[in-house]
**Q** 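Once you've had a glance at the structure underneath, I'll fire off some questions.
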Amino acid sequence: MTVHLEPWGEGDLPLLRRTLGDPEMTKYLGGPESEEKLADRQQRFERLTETGDGRMFKIVDDETGAPAGSVGYWKREWGGEEIYETGWLVLPEFQGRGVATEATRQVISTARADGGPGRMHAFPGVENAASNAICRRLGFNLAGEIEFEYPPGSTMRCNDWWLDIL
Ligand SMILES: CC(C)(COP(=O)(O)OP(=O)(O)OC[C@H]1O[C@@H](n2cnc3c(N)ncnc32)[C@H](O)[C@@H]1OP(=O)(O)O)[C@@H](O)C(=O)NCCC(=O)NCCS
């Protein structure tokens with residue numbers, strides 16, 4: 001199947017509920033967010049592009065127009081430098097068909113066109129086999145395992161993958 005990316009929009013809160021609000025989808029991400037947090041996140045996703053801090057996208061099935069998941073990147077400080085962090089979620093009915101890999105490939109191109117920061121990191125949980133496979137397949141370099149603070153206030157064991165995009 002083929003997919004394209006559309007900027008996160010006003011009507012995308014239901015997709016957020018099915019991704020970051022869902023217990024199974026967030027089993028490697030510290031568990032589902034509350035309705036209040038999701039509403040707050042929806043606002044931030046809608047505004048991310050205009051703040052210049054990154055971009056969030058809805059992954060859309062080319063054939064049906066159905067939402068398949070989310071992917072994006074946002075600036076953060078890492079090791080004393082400004083980098084992009086990236087992350088992705090694909091709905092269960094679309095998993096296992098290369099959607100996350102293709103969507104992440106597209107998002108890397110978009111970040112490259114934005115002109116900086118020049119390095120992108122991803123921090124999948126060490127047990128998240130599919131996400132670690134995506135990083136490997138797309139040419140990210142494995143820096144090693146780290147204790148990563150997510151969600152805020154708790155830590156999880158993650159791999160630190162990086163890719164120079166510029
Ligand atoms: C992780 C996730 C995005 C993968 O989406 P997807 O569209 O199914 O991924 P793809 O089909 O592009 O597959 C990517 C790779 O993972 C592998 N893979 C897929 N599901 C897997 C699984 N359950 N176990 C092990 N490997 C798996 C695929 O074989 C592929 O590897 P390959 O390129 O070496 O063949 C999706 O499962 C998801 O949203 N999970 C919940 C949220 C999450 O964990 N997000 C990531 C946070 S970093």
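Counting convention: from 1, in listed order, for ligands and their atoms alike.
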**Q** For ligand 1, which atoms have a heavy atom of Val90 less than 4.0 angstrom away?
**A** 3 (C), 5 (O), 7 (O), 38 (C), 39 (O)
**Q** Distance below 4.0 Å between atom 23 (N) of ligand 1 and any protein heavy atom?
**A** no
**Q** Under a 3.5 Å distance rule, please check whether Thr51 uses its side chain to pair with a backbone N or O of Leu48 as donor and acceptor.
**A** yes
**Q** What pair of heavy atoms forms the shortest contact from Val126 to Asn132, and how long is it?
**A** O-ND2, 3.7 Å
**Q** Should Glu102 and Arg105 count as an ion pair when the cut-off is N to O under 4.0 Å?
**A** yes
**Q** Who's the nearest protein heavy-atom neighbour of atom 45 (N) of ligand 1, and how far?
**A** Trp88 O, 2.9 Å
**Q** Do you know which of Phe148, Tyr28, Trp162 makes ring-ring contact (aromatic ring centres under 6.0 Å, His included) with Phe123?
**A** Phe148
**Q** Would Asp53 and Arg76 pass as an ion pair if we require N to O under 4.0 Å?
**A** no
**Q** Using 30° and 60° as the class boundaries, would you call the ring planes of Phe57 and Tyr73 parallel, tilted or perpendicular?
**A** tilted
**Q** So, does Ser131 sit close enough to ligand 1 that a heavy atom of it is under 4.0 Å from the ligand?
**A** yes
**Q** Note the single closest protein heavy atom to atom 25 (C) of ligand 1, along with its residue, its atom name and the distance in Å.
**A** Ala129 CB, 3.5 Å
**Q** Kindly indicate, with the supporting measurements, whether the criterion side-chain hydrogen bond (donor to acceptor under 3.5 Å, both in side chains) is fulfilled by Gln42 and Trp8.
**A** CA-CA 9 Å; Gln42 168 68 19; Trp8 199 267; 2.8 Å; yes
**Q** Just to confirm my output: which protein heavy-atom neighbour is closest to atom 47 (C) of ligand 1, and how far is it?
**A** Leu29 CD2, 3.7 Å
**Q** How close does the nearest protein non-hydrogen atom get to atom 41 (C) of ligand 1, and which residue and atom is it?
**A** Met25 O, 3.3 Å
**Q** At under 4.0 Å between heavy atoms, is it the side chain or the backbone of Thr19 that contacts ligand 1, or both, or neither?
**A** neither
**Q** What's the shortest distance from atom 43 (C) of ligand 1 to any protein heavy atom, and which residue and atom give it?
**A** Asn128 ND2, 3.9 Å
**Q** Do Ser131 and Trp88 have side-chain atoms, one donor and one acceptor, less than 3.5 Å apart?
**A** yes
**Q** Which is closest to atom 16 (O) of ligand 1 by heavy-atom distance: Gly96, Ala100, Ala130?
**A** Ala130
**Q** What residue and atom, counting heavy atoms only, is the protein's closest point to atom 12 (O) of ligand 1, and at what distance?
**A** Thr101 OG1, 2.6 Å
**Q** For atom 11 (O) of ligand 1, what's the nearest protein heavy atom and its distance?
**A** Gly98 N, 2.7 Å
**Q** Below 4.0 angstrom, counting only protein heavy atoms, does anything approach atom 8 (O) of ligand 1?
**A** yes
**Q** Is any side-chain heavy atom of Trp161 closer than 4.5 Å to a side-chain heavy atom of Pro124?
**A** yes
**Q** Starting from atom 15 (C) of ligand 1, which protein heavy atom do you reach first, and at what distance in Å?
**A** Ala133 CB, 3.6 Å
**Q** Specify side chain, backbone, both or neither for Arg97, according to which of its non-hydrogen atoms lie closer than 4.0 Å to ligand 1.
**A** backbone
**Q** Check whether Asp160 reaches the backbone of Glu145 with its side chain - one donor and one acceptor, N or O, closer than 3.5 Å.
**A** no
**Q** When you measure from atom 32 (P) of ligand 1 to each heavy atom in Arg105, Gln95, Arg137, which option holds the nearest one?
**A** Arg137
